[in-house]
Amino acid sequence: MDQTLIDYETLAEWLFPEVTETPEDMEKRYPVRGLPEGAVVSRLAPSPTGFVHLGNVVQGLTSERLAHQSGGVLFLRIEDTDAKREVKGASEILIEMLSHYGIVFDEGASLDENGAICDKGDYGPYKQSNRAPIYHVYAKKLVREGKAYPCFCTEEDLDRFHAEQEAEKANFGYYGKWAKWRDRSLEEIREQLDSGTPWVLRFRSTGSIEHKFKYNDLIKGEVDITENDIDHVLLKSDGIPTYHFAHAVDDHLMRTTHVVRGDEWLSGLPFHIQLFQALGFRLPKYVHIGTLMKMDGTSKRKLSKRKDPELALSYYKSVGYPTDSVVEYLMTILNSNFEDWRRANPLAPLDDFKFSAKKMNAAGSLFDLAKLSDVSKNLISRMSAEDVYNAVSEWAKEFDGEFYDDFTREPAFTKAVLAIGRGGNKPRKDFATWSEVKGYMGFMFDRYYEANGAYPDGFDAGTIADILTDFLSTYSSADDQTVWFDKMKDIAEKHGFARETKEYKASPEAYRGHIGDISAFVRVAVTGKQNSPDLYAVMSILGHEVATSRIQKQIERLRG
RNA sequence: GGCCCGUUGGUCAAGAGGCUAAGACAUCGCCCUCUCACGGCGAAAACAUGGGUUCGAUUCCCGUACGGGUCACCA
């Protein structure tokens, strides 16, 4: 650079003739938010690939809690700078899905009353593809200051450099002798421009890998940073920014205070810090979340889109996990003291929990479906029969139309079944997902009642039929539970079975079986299964006619 | 390969120089019980490793191993 000093001003005009606005104009258009001290402004910035996954919810939940519990702002920015990956309608799906998980945005990309995508808020546009003029203002500034330059290398050039670097065992990247366009003359650049060669804008890095420093991440704590010495691409040849450049410009202008993202971005941090400095922006705080892992054989690995269906949010929807269960479970992973808090406050709204970035784990967590199920069972056990009814109906309508028809035919009947063992201090915990409900109570409907249910081993059909016959002859739907059960004990005694299980256990040789066996016979006859919720309640709800006719048919079957 | 992050029972994890190293899920056993689901009690089960520092390290420092991430005109 000792020859004719490059005229950066001229270069900036050549590259961005259409840009007339200045960074100062931008500062005016997007003023500092008038938020109280300590208010967190955070965002979710996904790319619209149509695949909404747990990572989106993990990040969303974290930034949502951080922002809203501090009286701050949460917004959604769509990072659609890669046209190749964009899927039509993906943004709409994303917003829709996230809202189900309690992640609602104060501003940013939103849905209007027709479900179409639109912007809400004063810091837009919130879709990066609509922000090109803004990025160009800063690109021009950087060029003018000699902090960025055009590069005319082709893909083949870059591939060649990579191969060379591999051969020389050098670090990869555009730097040093491979930074071919870093210090070219204005004439050479003019020549390429005139011939219409496509170019990208590169950052002129002044960093050195010899320089190290510390940075404090809100989750990871103090991390060692090695300065970046790569001249990364800022603007692609189509004039659209790379993630890095867009991140710096957008999060500055949108006045983001906390950047919550996956820790796969940690290695990009040196460059981001450098970029913010070069642009004269104040650095936001970073919150790098550990990646969700999964057990694969004997080792952990990152949850994979291709191999793990449970990474996709659509999985939880189709299996029928309540969204609240997923949220609760994720919270147990995100904040280690959440479980204790929840135990102490079983019914408190989630917002009452004091979320803290300090309570987040630096390491990636293993995703545990069994734990999710436990959380979900507990949550569902606390719901009212009415709420369960509504949730199952909604689920079945979409995923199991046949079951939906039976389930909703007589709401009062269905709700009565769902009410068995519900409420009180020790509610039943039978299912973790809506799709399990059919297995739990399907027998209440003729379509799913198993007429060939297996009776307990060790009893001949004749004996069972005799006992069922006796049961039928004394059964009255008017009996209360005690009377009903006493009658069953009488039958037990008559057939040589113990009235009480304890008696039987004391001297098993004296009896053919015990009261438990008698009720098992009736249970199988009525429900087709050896396990069921409270039999008396089941028979009451089923009604005299259905209950007795099922038993009658079983007697015929056993005798036949 | 360079750079970076991580490592307490099978899993999630508390602990932040001195503890018999919490708790939850899962597993197993017992109790309760007409089955199941609950509920109760109990068992088994961990500081990756080698060096330091220290009177004393799971805890602090360095190395090693293992796991993960990243090195694109993808985010």
Side-chain angles (χ1 to χ4, degrees), chain A residues 45-49 79-82 84-85 128 151 153-155 158 162 165-166 169-174 198-202 209 212 217 220-221 223-226 228 230 232-238 240-244 246-247 261-270 288 290-291 293 295 299-302 329 332-333 336-337 339-340 342-343 359 361-375 377 381 420-421 424-431 440 456 485 488-489 492 500-502 514-520 522-524 527 529-536:
Chain A
S47 58
T49 60
E79 310 234 324
D80 60 342
T81 55
D82 184 12
K84 290 188 287 294
R85 300 212 317 176
Q128 290 182 329
C151 164
C153 284
T154 61
E155 205 178 316
L158 298 176
H162 191 90
Q165 286 162 346
E166 200 153 30
K169 294 195 194 326
N171 287 342
F172 300 128
Y174 198 92
W199 54 275
V200 299
L201 189 72
R202 285 187 184 273
I209 55 170
K212 319 233 179 209
D217 180 85
K220 303 280 180 188
V223 296
D224 289 309
I225 304 274
T226 302
N228 166 61
I230 308 286
H232 287 293
V233 172
L234 261 20
L235 291 179
K236 301 182 247 183
S237 53
D238 57 4
I240 298 295
T242 56
Y243 166 82
H244 312 287
H247 158 51
R261 48 159 48 162
D263 66 0
E264 68 267 25
W265 284 112
L266 202 52
S267 54
L269 191 56
H288 285 102
T291 322
M293 311 290 279
M295 213 57 190
S299 65
K300 288 184 186 179
R301 56 146 234 262
K302 191 177 165 183
Y329 170 63
T332 68
I333 289 185
S336 50
N337 53 332
E339 266 188 285
D340 291 338
R342 178 48 90 199
R343 240 192 306 284
K359 284 291 182 182
N361 196 181
S365 301
L366 244 198
F367 188 75
D368 186 0
L369 273 175
K371 181 86 178 184
L372 202 212
S373 281
D374 180 68
V375 168
K377 276 184 179 174
S381 76
I420 298 173
N425 295 332
K426 300 169 185 172
R428 296 185 64 95
K429 299 176 182 175
D430 295 291
F431 40 87
Y440 170 67
F485 199 44
M488 212 132 69
K489 287 180 177 175
E500 306 289 343
T501 312
K502 275 180 186 153
H514 57 84
I515 180 65
D517 299 315
I518 304 300
S519 55
V522 179
R523 188 183 307 278
V524 172
T527 71
K529 309 193 302 177
Q530 292 191 26
N531 306 330
S532 82
D534 186 76
L535 187 54
Y536 176 78

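Side chains included, hydrogens not; waters and symmetry mates left out as well; all remaining heavy atoms used. Numbered from 1 within each chain, the chains take letters A, B, ... in sequence-line order.
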(request) Taking only the side-chain heavy atoms of L266(A) (C-beta and beyond), determine which of U33(B), G39(B), C4(B) contains the nearest atom. (result) C4(B)
(request) State whether K220(A) and D263(A) are salt-bridged, where the test is any N-O pair (Lys NZ or Arg NE/NH1/NH2 against Asp/Glu carboxylate O) under 4.0 Å. (result) yes
(message) What I want to check is whether an N or O donor and acceptor connect the side chain of R523(A) with the base of C36(B) at under 3.5 Å.
(response) no
(request) Give a yes or no on whether a donor-acceptor pair under 3.5 Å exists between the nucleobase atoms of C74(B), that is its base, and the side chain of S47(A). (result) no
(request) Mark yes or no for whether S365(A), through its side chain, and I333(A), through its backbone, hold a donor-acceptor pair below 3.5 Å. (result) no
(request) Identify the nucleotide, in any strand shown, that forms a Watson-Crick or G-U wobble pair with G10(B), with both distances under 3.5 Å; if there is none, say none. (result) C25(B)
(message) Centroid separation under 6.0 Å, is that true for the rings of Y174(A) and H232(A)?
(response) no
(request) Taking only the side-chain heavy atoms of D82(A) (C-beta and beyond), determine which of A75(B), C4(B), C36(B) contains the nearest atom. (result) A75(B)
(request) Return yes if the base of C4(B) and the side-chain atoms of S267(A) contain a donor-acceptor N/O pair under 3.5 Å, otherwise no. (result) no
(request) Go through G6(B), C36(B), A75(B) for me and flag the one nearest to the Y243(A) side chain. (result) A75(B)
(message) Side chain of D224(A) only, heavy atoms from C-beta on: which candidate in C4(B), G2(B), C74(B) is closest?
(response) C4(B)
(message) Nearest to the side chain of K429(A), heavy atoms from C-beta on, is which of A75(B), G39(B), U70(B)?
(response) G39(B)
(message) Evaluate H288(A) against R261(A) for side-chain hydrogen bond (donor to acceptor under 3.5 Å, both in side chains), listing each step before the verdict.
(response) CA-CA 5 Å; H288(A) 285 102; R261(A) 48 159 48 162; 3.0 Å; yes
(message) Side chain of F172(A), heavy atoms from C-beta onward: which of C34(B), U11(B), A72(B) has the nearest atom to it?
(response) A72(B)
(request) Check the angle between the aromatic planes of W265(A) and Y243(A) and answer parallel, tilted or perpendicular using the 30° and 60° thresholds. (result) parallel
(request) Check every strand shown and say whether T501(A) touches a base, only sugar-phosphate, or nothing at a heavy-atom separation below 4.0 Å. (result) sugar-phosphate
(request) Please give the nucleotide sitting opposite U59(B) as a Watson-Crick or G-U wobble pair, both distances under 3.5 Å, or none. (result) none
(message) Over all strands shown, is R342(A) touching base, sugar-phosphate only, or nothing at heavy-atom distances under 4.0 angstrom?
(response) nothing
(message) If you assign each of L372(A) and I225(A) to its closest nucleotide in RNA chain B, which residue comes earlier from the 5' end?
(response) I225(A)
(message) Give me the distance, rounded to whole Å, that separates U35(B) from A26(B) when you measure between the C1' atoms they each carry.
(response) 24 Å
(request) Give the nucleotide from the list C74(B), C3(B), C5(B) with an atom nearest to the side chain of K84(A). (result) C74(B)
(message) Could you tell me the Watson-Crick or G-U partner of U64(B), where both distances fall under 3.5 Å? Say none if there is no partner.
(response) A48(B)
(message) Please give the distance between the C1' atoms of U20(B) and G2(B) as a whole number of Å.
(response) 47 Å
(request) Choose from C74(B), G15(B), C3(B) the nucleotide whose nearest atom is closest to any side-chain atom of K236(A). (result) C74(B)
(request) Determine which nucleotide pairs with C32(B), using a 3.5 Å limit on both distances of a Watson-Crick or G-U wobble pair. (result) none
(message) Distance check, C1' atoms only: U58(B) and U8(B), in whole angstrom units.
(response) 7 Å
(request) Could you measure between the two P atoms, the one in U7(B) and the one in C47(B), and give it in whole Å? (result) 15 Å
(request) Could you give the distance separating A21(B) and A57(B) at their C1' atoms, to the nearest angstrom? (result) 13 Å
(message) If I pick the P atom on C61(B) and the same atom on G17(B), what distance separates them, to the nearest angstrom?
(response) 12 Å
(message) By nearest atom, which of the nucleotides G23(B), G6(B), C34(B) is closest to the I515(A) side chain?
(response) C34(B)
(message) Using atom C1' in both nucleotides, what's the gap between G40(B) and G50(B) to the nearest angstrom?
(response) 46 Å
(request) State whether T226(A) places a side-chain N or O below 4.0 Å from either non-bridging phosphate oxygen (OP1 or OP2) of G2(B). (result) no
(request) Quick one: label F367(A) by what it contacts on the DNA or RNA (base, sugar-phosphate, nothing), any heavy atom closer than 4.0 Å. (result) nothing
(message) Between T527(A) and K529(A) (side chain of the first, backbone of the second, donor and acceptor by atom type, cut-off under 3.5 Å), is there such a pair?
(response) yes
(request) Among C32(B), A13(B), U70(B), find the nucleotide with the atom closest to the side chain of E264(A). (result) U70(B)
(message) Check this one for me: any side-chain N or O of K371(A) less than 4.0 Å away from OP1 or OP2 of A13(B)?
(response) no
(message) For a quick test of reading the model: is some side-chain N or O of R428(A) closer than 4.0 Å to OP1 or OP2 of G39(B)?
(response) no
(request) Could you give the distance separating C25(B) and U33(B) at their C1' atoms, to the nearest angstrom? (result) 25 Å
(request) If C73(B) has a Watson-Crick or G-U wobble mate with both distances under 3.5 Å, name it; if not, just say none. (result) none
(message) Students often get this wrong, so: under 4.0 angstrom with heavy atoms, is P456(A) touching a base, only sugar-phosphate, or nothing?
(response) nothing
(message) Using a 3.5 Å distance criterion without hydrogens, assess whether the side chain of D80(A) forms a donor-acceptor pair with backbone atoms of Q128(A).
(response) yes
(request) With heavy atoms under 4.0 Å as the rule, sort V233(A) into base, sugar-phosphate or nothing. (result) sugar-phosphate
(message) Check whether D517(A) reaches the backbone of H514(A) with its side chain - one donor and one acceptor, N or O, closer than 3.5 Å.
(response) yes
(message) Taking the nucleotide of RNA chain B with the nearest heavy atom to each, does W265(A) or I333(A) sit closer to the 5' end?
(response) I333(A)
